[in-house]
Amino acid sequence: MANKVKIYIDGKEILATEGANLLHEARLNGFNIPGLCYHHKISPTGACRLCLVKIEGQRGMVASCSVKVAEGMQITAFDQELEDTRRFLLDYLLSEQDIDYDYTYHDELRDLMLQYNLEKPESRLFKPVQPNVEFKVDDSSPVLTYDPSKCIKCFRCIKACDEVQGKNVLSFYERGLNSYIVAGTGVWAESECDGCGECVQLCPTGAIVEKPNRNEINLERIEKKVRTTCPYCGVGCQIELLVQNGKIVRSNGVEGVLPNDGRLCVKGRFGYEFVHSPERLTTPLIRKNGKFVEASWDEALDLIAHKFNSIKAQYGPNSLAGYASAKCTNEDNYIFQKFIRTVFGTNNIDYCTRLCHASTVTAMLKSIGDGAASNSIEDFETTECLIVTGNNMIETHPITATYVKRGAAKGMKIIVIDPKWTPLVNYSTLWLQPRLGTDVALLNGMVREVIVNNWIDHDFIENRVEGGMQTFLELKSLVDKYTPEYTEKITGVPAEKIKEAARIYGTAKTAMVATGMGMSQQVTGTHNVFSLLNLILVTGKIGKERCGIDPPRGQNNVQGATDVGCHPAMYPGYIPVANEENRRYVAQVWGVPFENLSEKPGLTTVEIVQAANQGKIKGLYIMGENPMISDPNLNHTEQALKSLEFLVVQDIFLTETAQLAHVVLPAASWAEKNGTFVNSDRRVLRVRKAIDSPGEARDDWRIIHELAARMGKPMPNYSDEAEIFEELAKVTPIMAGISHSRLENHGIQWPCPSPDHPGTSTLYLDKFNTPSGKAKLFPVEHVDQSERATPEFPYILNSGRILYHYHTGTMSRKNKALTEFINHPYVIIHPNDAQKLGIKHGGIVKLTSKRGSLQTQVRIADEVLEGELFMPWHFSEAQVNRLTRDELDPYSRIAPFKLSAVRVEVVSD
Ligand SMILES: Nc1nc2c(c(=O)[nH]1)N[C@H]1C(S)=C(S)[C@@H](COP(=O)(O)OP(=O)(O)OC[C@H]3O[C@@H](n4cnc5c(=O)[nH]c(N)nc54)[C@H](O)[C@@H]3O)O[C@H]1N2
Ligand SMILES: Nc1nc2c(c(=O)[nH]1)N[C@H]1C(S)=C(S)[C@@H](COP(=O)(O)OP(=O)(O)OC[C@H]3O[C@@H](n4cnc5c(=O)[nH]c(N)nc54)[C@H](O)[C@@H]3O)O[C@H]1N2
Ligand code: SF4
Ligand code: SF4
Ligand code: FES
Ligand SMILES: [Mo]
């Protein structure tokens with residue numbers, strides 16, 4: 001804990017943090033000392049001089065933003081001389097400023113101008129010296145405008161980009177009065193700027209202002225500012241939505257709270273426009289004679305109730321199934337799983353997590369007892385060493401990546417393991433580029449190296465691993481053959497690099513691991529993660545502060561949806577369906593007969609599709625998922641969905657999946673509802689309603705609730721989402737101590753067993769969550785992939801994500817700001833392969849696998865290995881999942897999205 005010391009400001013005694021920034025501490029204590037170049041997230045610049053104070057024992061006036069608090073300091077913050085000096089400095093600043101103001105941004109300089117009565121030119125000493133030079137406004141970026149006539153050269157934007165976001169796009173171009181900020185080599189749109197808007201958020205004047213809604217927004221007419229959680233990825237950034245005329249016109253990062261401390265990525269800041277899209281669903285739709293017809297809620301819900309009930313009566317409860325949604329709140333999902341279990345009467349409930357981290361979670365549950373992140377996001381900055389494997393963090397968890405980049409700037413060693421180049425490679429110490437699907441061999445090779453060099457933690461193995469040295473010896477003998485040379489042969493990673501990676505990780509005092517889709521979405525997904533856990537366990541790099549494994553969770557609420565029970569084999573709180581005592585307890589809380597709660601695990605996502613194809617699943621209720629783009633082997637999925645007797649899709653758009661439904665229900669979007677999400681580090685965060693839903697769209701849980709009543713199994717009348725959470729907390733022990741009221745100002749990390757518990761930042765400090773309290777090693781062998789390159793299909797296709805788009809594009813592609821960055825599909829091909837195939841950059845190719853084909857543009861880059869290809873899967877005009885397989889990892893039932901053998905044919909160049 002930082003030391004508190006006494007200081008005195010204008011005679012008042014204050015308890016301040018020793019060594020802290022004086023300006024910051026003074027402001028915290030109500031001394032509103034002006035200052036334009038200081039911001040708590042960046043290093044002090046000392047450029048504007050407005051924060052001048054007098055400190056006893058020091059000569060003259062000093063910039064308080066450059067002073068560290070020390071015991072006994074006597075400070076004068078306000079006296080006539082200081083105020084006159086500030087007025088003089090402001091006067092001078094204003095002389096170079098274009099002071100026109102259009103109410104579209106918060107202008108701190110203008111606030112001071114008004115405060116110091118300098119609005120009228122007559123009241124100023126300095127005549128405007130708007131230099132006689134052409135100021136060049138840079139309007140080229142899709143998301144912001146830079147106007148140098150408003151720039152006060154405070155450096156906040158440069159430092160925002162560099163120190164806060166770790167991007168280094170901006171610099172200062174100086175030629176006397178004609179100095180300004182430049183992005184890259186001069187044109188914003190051509191620079192590496194990725195539109196995160198941190199510079200916008202930190203600019204104190206109107207020099208950098210965001211573009212979307214610029215013609216509409218008027219800060220004096222904002223009706224409300226609503227703090228909520230970003231709807232895209234699992235980082236869970238806290239945002240503040242500004243609402244004007246019932247419309248969201250801006251999204252700002254919330255400063256001072258975790259997980260993001262005001263930082264956002266381009267999606268969180270500029271990706272809200274989809275909620276106002278004219279394509280939103282506004283009324284229920286019923287398919288009649290092959291066409292959708294608008295219907296009333298009564299008609300639609302009665303029809304659904306009747307159909308589902310009759311399917312259940314005819315074929316039994318297990319002929320019905322539901323897909324929950326990682327885009328929806330905990331409250332929505334809790335009600336959904338309760339509906340599937342009590343109204344359908346089956347455990348056939350799953351969702352996109354099956355296609356995502358299912359294998360990671362399976363391996364982690366078996367080995368360490370919990371599938372969630374062991375650590376907090378802040379640890380990504382303070383650990384000594386970080387392995388990032390199969391995860392393109394800068395593009396997919398951009399704000400988590402800001403912590404990593406800040407750690408790298410302070411000397412953290414980063415090892416990237418990825419067959420494809422990712423931007424994190426630029427910040428890394430070492431990049432291992434294994435061939436697709438060879439991670440078990442690579443990790444076994446690293447485990448062997450740490451054993452051979454004795455970088456293992458004997459005490460940890462003895463005390464915290466089941467079977468101690470005995471089981472360790474089994475692992476040792478299994479990995480013995482994975483010499484660096486043998487491992488190189490399988491993976492293609494040079495032996496020296498394998499040794500180096502093992503040394504860096506094995507000898508670090510603290511180390512963490514981030515594992516992503518490249519590891520999990522494989523037929524060997526569970527084994528991949530077992531071999532990773534083996535490395536973590538033998539080196540004792542878990543169960544201590546700043547040590548552990550964090551699989552960055554994908555969707556905004558993918559963590560929460562399983563936490564609250566959307567799992568075919570688990571009730572809320574990860575309690576197995578087979579646990580009779582729990583089922584009895586839950587039946588009592590839910591007020592339903594115990595016998596009605598099935599003890600038989602249900603089917604998983606891809607199994608539900610397969611069962612539909614076999615005629616075993618007849619009715620399906622999909623809430624907020626788009627499997628017609630996101631499922632593997634789409635031709636198969638399409639057949640299955642078309643063969644259903646009854647399909648209900650509840651979404652915010654008429655997606656590719658909804659188009660196959662018998663009834664489509666319009667749901668409220670995240671901006672229109674209250675509730676909670678759980679982010680990647682187990683943080684339960686509030687979601688708050690900012691605007692009304694379009695047309696007749698309704699909250700997801702209210703639709704399900706009403707349907708339950710119409711199917712003859714009404715649920716209690718919940719007055720609001722807080723009340724649903726109260727019930728949820730009763731049956732979800734990890735959240736027992738959490739309530740909406742406790743989440744008012746900040747999130748709480750589960751486990752949080754009681755209302756006075758602060759939540760848990762790091763897991764396993766005392767014991768693992770397995771029945772024995774110890775972790776388990778699972779020695780696993782490398783096996784060759786079942787799908788391999790053949791003369792007919794000579795290339796291996798990898799698929800993944802890019803920064804600007806999200807999954808099936810239903811949301812991200814309805815934002816002008818995002819689509820201006822990129823809006824078309826492409827495949828990355830190695831230059832040597834392109835040459836062999838006679839393909840040019842920008843040409844069109846046809847990719848064909850055993851399952852299907854697609855056409856797409858070509859991007860030639862040495863980001864991939866020869867013989868391998870990469871495609872983002874966001875674009876429905878080139879559906880990657882026409883090519884992928886639905887062969888499953890036997891333990892977690894995940895599909896291998898990352899590895900499909902294909903052939904490439906040139907369509908046009
Ligand atoms: N911008 C954006 N952000 C997102 C999402 C989005 O759609 N767009 N989706 C969210 C969701 S749900 C998720 S799950 C996360 C996913 O985030 P990530 O885990 O980053 O997912 P991907 O981009 O699919 O794949 C990550 C990396 O795995 C690599 N890879 C492929 N095969 C292998 C292999 O055999 N071994 C190794 N070691 N690596 C391999 C790929 O080359 C790729 O760089 O992102 C979340 N964040
Ligand atoms: N080839 C390939 N395929 C993949 C992957 C890959 O890497 N490669 N990754 C897989 C992974 S990790 C994942 S997580 C899945 C994701 O697969 P999906 O979950 O199917 O993808 P999304 O596009 O996120 O679908 C969410 C749907 O919810 C809707 N929605 C948004 N908000 C709400 C709401 O509040 N209420 C309701 N009712 N609906 C809402 C959206 O419009 C959208 O249709 O895809 C998987 N598929
Ligand atoms: S928007 Fe982000 S990346 Fe672009 S210049 Fe500003 S801070 Fe840098
Ligand atoms: S990092 Fe994720 S949660 Fe944060 S703003 Fe970006 S998409 Fe939203
Ligand atoms: S805020 Fe201290 S010099 Fe600008
Ligand atoms: Mo995901």
Side-chain angles (χ1 to χ4, degrees), residues 21-24 26-27 33-40 42 44-53 61-67 86 89 93 108-109 112 152-156 165 194-198 204 228-239 251-254 259-272 326-327 351-358 360 377 391 393-403 516-517 520-521 551-559 561 625 630 670 677 679-680 683 685 800-801 803-808 811-812 818 873 894 897:
N21 186 289
L22 177 58
L23 176 59
H24 188 66
R27 284 180 176 173
I33 302 172
L36 291 173
C37 65
Y38 174 75
H39 190 279
H40 79 270
I42 57 178
T45 306
C48 76
R49 315 299 295 169
L50 290 169
C51 67
L52 293 172
V53 296
M61 299 183 237
V62 289
S64 58
C65 69
S66 308
V67 173
R86 287 177 187 142
L89 290 167
L93 264 182
E108 296 175 31
L109 176 59
L112 289 174
I152 57 165
K153 291 108 196 167
C154 67
F155 286 79
R156 265 161 68 162
Q165 290 270 350
D194 66 9
C196 69
E198 190 73 41
T228 186
T229 303
C230 174
Y232 286 96
C233 89
V235 179
C237 292
Q238 297 299 286
I239 56 182
S251 157
N252 292 324
V254 181
N260 53 318
D261 192 11
R263 300 168 230 177
L264 296 178
C265 80
V266 66
K267 295 181 296 302
R269 198 178 293 279
F270 299 111
Y272 54 78
K327 298 246 70 85
Y351 67 109
C352 69
T353 191
R354 186 69 42 202
L355 311 173
C356 184
H357 264 307
T360 318
I377 192 164
N391 174 244
M393 192 185 273
I394 289 184
E395 298 201 67
T396 54
H397 303 83
I399 297 308
T400 307
T402 62
Y403 286 89
M517 294 302 104
S520 69
Q521 291 171 335
R553 298 307 306 261
Q555 295 257 36
N556 54 326
N557 198 32
V558 64
Q559 181 67 53
E625 294 239 317
S630 60
W670 119 103
F677 293 157
N679 82 342
S680 209
R683 212 178 292 267
L685 297 156
R801 296 158 167 79
L803 174 68
Y804 302 100
H805 287 291
Y806 202 82
H807 290 173
T808 68
M811 292 159 56
S812 64
L818 299 179
W873 65 280
I894 198 167
F897 291 114

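Read the numbers this way: they start at 1 and go in the same order the structure lists the ligands and their atoms. Just so you know, these numbers use all the heavy atoms, side chains as well, and skip hydrogens, waters and symmetry mates.
- No donor-acceptor pair under 3.5 Å is formed between the side chain of Gln521 and the backbone N or O of Ile894.
- Below the 2.8 Å limit, atom 2 (Fe) of ligand 5 has as protein N, O or S neighbours Cys51 SG, Cys65 SG.
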- Message: Between Arg801 and Thr396, does the side-chain hydrogen bond (donor to acceptor under 3.5 Å, both in side chains) criterion hold? Intermediate values first, please.
- Response: CA-CA 7 Å; Arg801 296 158 167 79; Thr396 54; over 6 Å; no

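- Ring geometry, Tyr232 versus Tyr806: the interplanar angle exceeds 60°, so the pair is classed perpendicular (tilted spans 30 to 60°).
- Judged by distance alone, with hydrogens and angles left aside, the side-chain atoms of Arg156 form no donor-acceptor pair with the main-chain N or O of Thr45 at under 3.5 Å.
- Shown here are the side chain to side chain contact (heavy atoms under 4.5 Å, CB included) partners of Cys352, two or more places apart in sequence or in another chain: Ala326, Gln555, Glu625.
- Taking a heavy-atom cut-off of under 4.0 Å, ligand 4 is surrounded by Cys230, Tyr232, Cys233, Val235, Gly236, Cys237, Leu264, Cys265, Lys267, Gly268, Pro398, Ile399.
- Panel note: side chain Arg263, backbone Gly253; no donor-acceptor pair is recorded below 3.5 Å.
- A donor-acceptor contact shorter than 3.5 Å links the side chain of Lys267 to the backbone of Leu803.
- Partner Cys51 forms a side-chain contact (heavy atoms from CB on, under 4.5 Å) with one of Pro34, Pro44, Cys65 and no other, that one being Cys65.
- With sequence neighbours left out, the side chain to side chain contact (heavy atoms under 4.5 Å, CB included) criterion links Asn679 to Pro259, Asp681, Arg683, Leu685.
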